[in-house]
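Worksheet: the structure to be examined is printed underneath.
Numbered from 1 within each chain, the chains take letters A, B, ... in sequence-line order.
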Protein chains: 2
Amino acid sequence: MINILDKESFLAQLKHQQAPNEQKEHIEQVAKDVIKHIRRDKDEALFYYIEKFDGKLEGDLKVSNEERQAAWDQIKPDVIDALKRAADNIRSFHQKQLKESRFMQHDKDIVSGQLYTPIENVGIYVPGGTACYPSSVLMNAIPAVLAGVTNVIMVTPERFGETINPILLVAADIAGVTDIYKVGGIQAIAGLSYGTESLPKVDKIVGPGNAYVAAAKSLVFGDVGIDMVAGPSEVAIIADETAQAKHIASDLIAQAEHDTLARAYLFTTSKELIDETTRALEKQLSVLPRVEIAEKALRDLGGLVYVASLDEAFELSNILAPEHLEIQVDQPLDYLRYIKHAGSVFLGHYTPESLGDYYAGPNHVLPTSGTAKFSSGLSVDDFVKKTTFLYYSKEALQLAKNDVVTIAREEQLDGHAEAVIKRFED
Amino acid sequence: MINILDKESFLAQLKHQQAPNEQKEHIEQVAKDVIKHIRRDKDEALFYYIEKFDGKLEGDLKVSNEERQAAWDQIKPDVIDALKRAADNIRSFHQKQLKESRFMQHDKDIVSGQLYTPIENVGIYVPGGTACYPSSVLMNAIPAVLAGVTNVIMVTPERFGETINPILLVAADIAGVTDIYKVGGIQAIAGLSYGTESLPKVDKIVGPGNAYVAAAKSLVFGDVGIDMVAGPSEVAIIADETAQAKHIASDLIAQAEHDTLARAYLFTTSKELIDETTRALEKQLSVLPRVEIAEKALRDLGGLVYVASLDEAFELSNILAPEHLEIQVDQPLDYLRYIKHAGSVFLGHYTPESLGDYYAGPNHVLPTSGTAKFSSGLSVDDFVKKTTFLYYSKEALQLAKNDVVTIAREEQLDGHAEAVIKRFED
């Protein structure tokens with residue numbers, strides 16, 4: 001039901017999964033055509049694709065204040081309170097990521113430093129349809145609001161006459177979203193990137209979507225900023241003999257229920273734990289609503305990997321560079337220093353990934369499919385730009401003059417040299 | 001010779017320049033084919049394209065220690081000293097960008113925080129051929145080395161039998177580059193992204209190149225990290241009547257000599273300064289070696305823009321979001337607070353852009369073509385990942401339990417709820 005692996009078979013499976021994806025080309029072509037059309041014909045094309053892919057829009061593209069207000073009456077108070085407490089935790093964690101503009105050097109003759117300025121207009125993509133993730137609204141919008149973004153524009157589709165789930169509108173209010181538009185898919189990304197008569201252009205787009213949304217984000221990258229190209233989600237659990245199989249099984253299942261392409265791995269030094277986890281998985285899956293998705297993901301991908309030592313477990317985990325890493329061992333904080341590459345880490349026996357997915361504070365928009373080797377989860381930094389600045393007095397420039405002229409001439413850029421020389425010709 | 005504009009004509013010209021670029025599609029197709037081929041056939045394809053685009057390689061792909069050592073004898077001592085002093089300044093500025101792993105919360109029941117870990121393998125693209133920019137080697141490699149990158153892999157082409165300019169090898173040594181390979185263009189980006197028998201795979205690629213290199217970087221983005229998609233370079237100069245026309249003209253020319261697509265703007269409240277700058281441009285261009293490039297850039301793009309006030313100058317500059325912004329006014333530091341979007345800022349009458357391009361410390365790899373609205377210049381941050389971490393005690397999880405379960409069930413992810421519930425079933 002789930003693969004039992006060792007170091008070698010794990011590495012072989014991983015290599016196989018990194019082969020190029022041929023289907024990607026078709027998706028890219030569709031995205032390219034839609035983007036080109038919307039960039040050229042704006043609203044006309046935007047509404048054409050909304051109708052084609054999601055059904056005819058009832059009412060306005062923009063969610064009205066009345067619609068946003070009415071949503072609150074449809075959500076139970078305990079849900080609202082849970083979302084508000086989650087938002088407080090997320091805000092508190094991300095608040096500490098804010099940075100202040102500062103000087104690197106500050107004396108009479110030389111001043112240098114970095115300004116932090118917010119991006120002005122940000123688009124937040126929120127999936128619609130069967131998936132309904134208020135937590136994603138919080139995770140994407142709260143850091144943007146904290147960073148000082150002026151316009152936080154959320155897009156999420158209505159699907160074939162079904163209006164946007166009111167919990168998304170409530171989450172948007174809690175998070176501080178400025179405006180909401182009823183559009184999803186490639187057409188939302190294209191519209192936000194180039195602007196139409198009805199949908200404002202933004203400077204950066206964040207938030208996860210399906211393969212079409214991911215392809216569209218890749219294609220508009222450069223014309224607007226994007227957060228990352230999100231792939232299927234994954235978890236790696238490193239466990240020693242102090243871990244409990246039923247915890248592990250429940251965390252593997254929580255990962256696998258997302259999506260048939262989700263990957264869930266256990267790395268453990270305990271063969272007994274592998275046996276127990278296999279049994280616990282069977283038992284827990286039997287009562288899971290999304291059992292078919294989770295079973296397929298566990299069967300086709302992921303696995304329970306026996307390792308010779310915790311060192312080896314971290315070696316493999318660092319090769320995988322998992323989006324989520326759980327460390328269910330004795331004295332877990334002591335193992336932070338073994339981590340080279342991971343999106344977000346969950347330490348100890350009572351820190352399930354789902355606690356972080358929803359509630360505790362760290363962001364759940366994280367680098368997937370090994371991209372934690374070169375990228376990071378969403379943070380306030382994604383909504384802030386750094387502008388360096390420099391002031392030299394005439395005296396300071398005089399001291400630097402010869403060196404600058406020397407290097408400029410080596411690069412055969414005489415105009416660069418002259419820009420310094422001219423300041424001393426009188 | 002250069003356009004004289006006002007607010008309206010400036011905005012109209014800017015809008016015209018943002019239209020989609022049809023030539024881009026052809027370049028993308030070429031890049032896509034080369035990448036696919038190299039990803040599949042590795043060395044065989046890599047060497048095929050090296051020979052095709054740059055001529056047959058003499059000797060090994062990798063620059064040997066002997067070649068690196070021999071380069072030092074070919075560079076004059078004053079050039080070496082100038083590069084070393086520039087490297088010291090760059091190091092000193094970027095050193096202050098280093099961040100420490102830290103806790104957001106740290107008490108008995110809840111621990112959370114952010115780890116900073118370096119990217120392990122970075123590729124640095126350095127253009128070859130007629131362009132020879134040792135300053136780019138320093139600007140790209142020094143932040144990577146400071147960040148703690150293990151392998152800083154530089155690529156730069158030999159072109160038709162001409163070996164790599166020794167100054168690039170010396171700059172690589174000064175900056176701390178690990179290994180150097182003689183390959184450029186799309187083939188370098190493809191090889192670094194997927195690895196071949198002779199060229200190691202890296203996790204991220206930085207450094208500017210031509211349109212083919214930029215297209216290749218866009219295409220591999222996601223499989224590896226990239227810094228940004230660099231376009232033509234630009235400068236905006238904001239000046240009041242205290243500025244000198246010959247300084248302004250020399251800075252506009254230094255920008256324009258890069259490339260016929262470079263854009264150079266002056267925004268000024270002084271009509272007299274516009275007249276004087278026009279005359280100074282003519283005079284200075286007459287003795288410039290790269291006069292043809294600079295004249296074409298100044299004539300076709302950019303302009304001298306008369307504004308009603310410095311407020312209006314900053315308004316237009318913020319719309320342009322220039323890569324480089326010079327503020328040649330009285331009390332320039334007081335105007336930092338007017339800046340919303342810019343790559344790097346040069347303040348006062350004695351801080352020409354070329355001082356920063358080569359020497360003073362801030363990075364010269366900067367967001368171009370308005371992308372300063374959502375991105376930043378290269379910094380140590382580009383070589384570091386942030387991994388969030390979280391620990392909850394059993395007691396802390398107990399307090400969070402109901403909220404997490406409530407939100408998980410709203411999202412119809414029962415497995416997520418069970419992962420918390422299971423920890424309290426005994």
Side-chain angles (χ1 to χ4, degrees), chain A residues 79 82 85 93 96 104 112 117 119 133 203-204 222 225 229 246 250-251 253-254 257 288-289 340 342 344-348 350-352 354-356 358-362 373-376 385-392 394 397 400 403-404 406-407 410-411 414-416 418-420 422-423, chain B residues 79 82 85 93 96 104 112 117 119 133 203-204 222 225 229 246 250-251 253-254 257 288-289 340 342 344-348 350-352 354-356 358-362 373-376 385-392 394 397 400 403-404 406-407 410-411 414-416 418-420 422-423:
Chain A
V79 175
R85 280 188 288 263
F93 186 89
K96 298 185 179 103
M104 305 316 213
S112 67
T117 55
I119 296 175
Y133 301 137
D203 302 306
K204 184 167 184 171
V229 181
K246 70 174 180 183
S250 70
D251 293 348
I253 287 173
E257 74 172 343
L288 183 78
K340 287 186 179 178
S344 193
V345 183
F346 304 83
L347 298 153
Y350 292 93
T351 316
S354 57
L355 170 69
Y358 291 129
Y359 195 74
K373 285 192 179 167
F374 55 81
S375 58
S376 309
K385 303 153 292 150
K386 294 157 285 187
T387 300
T388 50
F389 60 86
L390 182 69
Y391 164 84
Y392 264 47
K394 187 172 184 179
L397 184 64
D403 284 346
V404 175
T406 299
I407 302 176
E410 283 294 320
E411 296 197 355
D414 271 64
H416 283 58
E418 285 302 316
V420 178
K422 283 276 178 303
R423 277 157 164 99
Chain B
V79 175
R85 280 188 288 263
F93 186 88
K96 298 186 178 101
M104 303 319 211
S112 68
T117 55
I119 296 176
Y133 301 137
D203 302 306
K204 185 167 183 171
V229 182
K246 69 173 180 183
S250 69
D251 294 348
I253 287 172
E257 74 173 343
L288 184 78
K340 286 187 181 180
S344 193
V345 183
F346 304 83
L347 298 153
Y350 293 92
T351 316
S354 57
L355 171 70
Y358 292 128
Y359 194 73
K373 286 193 178 166
F374 55 81
S375 58
S376 309
K385 304 153 291 149
K386 295 156 284 185
T387 299
T388 51
F389 60 87
L390 182 69
Y391 164 84
Y392 263 47
K394 187 171 184 180
L397 184 63
D403 283 346
V404 176
T406 298
I407 302 175
E410 283 295 317
E411 296 197 354
D414 272 64
H416 282 58
E418 285 303 314
V420 178
K422 284 275 178 302
R423 278 156 163 98

Check for a donor-acceptor pair, side chain of [X] on one end and backbone N or O of [Y] on the other, with a separation under 3.5 Å.
X        : Y        : answer
B:Glu257 : A:His416 : yes
A:Lys96  : B:Met104 : yes
B:Ser250 : A:Glu418 : no
A:Lys204 : B:Lys373 : no

Per-residue contact mode, [X] against chain A (heavy atom under 4.5 angstrom):
X        : result
B:Phe93  : both
B:Leu288 : side chain
B:Arg423 : both
B:Thr406 : side chain

Choice from [options] maximising heavy atom contacts with chain A below 4.5 Å:
options                                : answer
B:Asp203, B:Val79, B:Leu397, B:Leu390  : B:Leu390
B:Phe374, B:Tyr133, B:Tyr359, B:Tyr392 : B:Phe374
B:Gly356, B:Gly348, B:Ala360           : B:Ala360
B:Asp403, B:Asp251, B:Ile119           : B:Asp403
B:Ile253, B:Thr117, B:Ile407, B:Val420 : B:Ile407

Exercise. Within a strict 4.5 Å, meaning less than it, do heavy atoms of the A:Pro362 and A:Val345 side chains meet?
Worked result: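 They are not in side-chain contact.
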Problem set entry | For B:Phe389 against A:Leu347, the heavy-atom pair lying closest together |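 Nearest heavy atoms, B:Phe389 then A:Leu347: CD1-CD1, 4.0 Å.
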For this session: Flag the one option from A:Asp414, A:Thr388, A:Val404 with the top tally of heavy-atom pairs under 4.5 Å to chain B.
Result: A:Thr388
Seminar exercise, completed: Rounded to the nearest 0.5 Å, the OG1 atom of A:Thr351 sits from the OH atom of B:Tyr391 at a distance of 6.5 Å
